[in-house]
Amino acid sequence: MANSNRSLHVIAREIRSDWTKVNFGAEPYLEAMDCLDSIDDMYYMDSAKSIVRYFLSNANTWRGEVAKRVKLELKAMVK
């Protein structure tokens with residue numbers, strides 16, 4: 001399994017490299033993740049945890065092995 005201590009911006013880069021047509025609903029949250037390091041960070045008035053949760057709720061069209069692994073990693077971070 002991937003290292004759960006990865007920075008959110010590193011994870012976002014991996015998502016972008018795998019998910020070529022990002023869902024319009026997920027895009028703003030992925031963009032915010034590009035600016036975050038830790039799950040404890042803030043993006044303006046939103047917590048990184050809420051951004052990741054919103055991303056996950058809008059990422060159901062992203063499928064495949066990378067998607068499965070990364071989604072599990074993100075879910076573990078917001079618990």
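Panel note: side chain Ser47, backbone Ser50; a donor-acceptor pair is recorded below 3.5 Å. Lys71 places a side-chain N or O within donor-acceptor distance of the main-chain N or O of Trp62, the cut-off being under 3.5 Å. With hydrogens and angles ignored, the 3.5 Å screen pairs a side-chain donor or acceptor of Ser38 with a backbone N or O of Asp40.
In plain terms, the two heavy atoms of Trp19 and Ala59 that are nearest each other are CH2-CA, 3.8 Å. Across all their heavy atoms, Ala12 and Asp34 have their closest contact at CB-OD1, 3.3 Å. Contact detail for Arg6 and Val70: the closest heavy-atom pair is NH2-CG2, 4.3 Å. Listed here is the closest heavy atom pair of Val78 and Lys49: CG1-O, 3.8 Å. Nearest heavy atoms, Ala67 versus Asp18: N-OD2, 4.3 Å.
In this structure, the separation between CG on Leu56 and CG on Leu74 is 5.0 Å, given to the nearest 0.5 Å. Here the CZ-CD1 distance, from Phe55 to Ile11, works out to 10.0 Å after rounding to the nearest 0.5 Å. Separation of atoms NZ (Lys79) and NZ (Lys75) is listed at 9.0 Å; rounding is to 0.5 Å. Atoms CZ and NE2, on Arg16 and His9 in that order, are 13.5 Å from each other to the nearest 0.5 Å. Between Asn60 atom CG and Asn23 atom CG the span is 7.5 Å, to the nearest 0.5 Å. The line from CG of Leu36 to OH of Tyr29 is 13.5 Å long, rounded to the nearest 0.5 Å.
By the criterion of side-chain heavy atoms lying less than 4.5 angstrom apart, applied directly or through intervening Ile, Leu, Val, Met, Phe, Trp or Tyr residues, Phe24 is not grouped with Ile15; the two fall into different hydrophobic clusters.
Each of Asp41, Val52, Asp37 was checked for a side chain to side chain contact (heavy atoms under 4.5 Å, CB included) with Leu8, and the lone residue meeting it is Val52.
Within 6.0 Å of atom OH in Tyr43, more than 12 heavy atoms from other residues, nucleotides or ligands are found, so the atom counts as buried in its surroundings.
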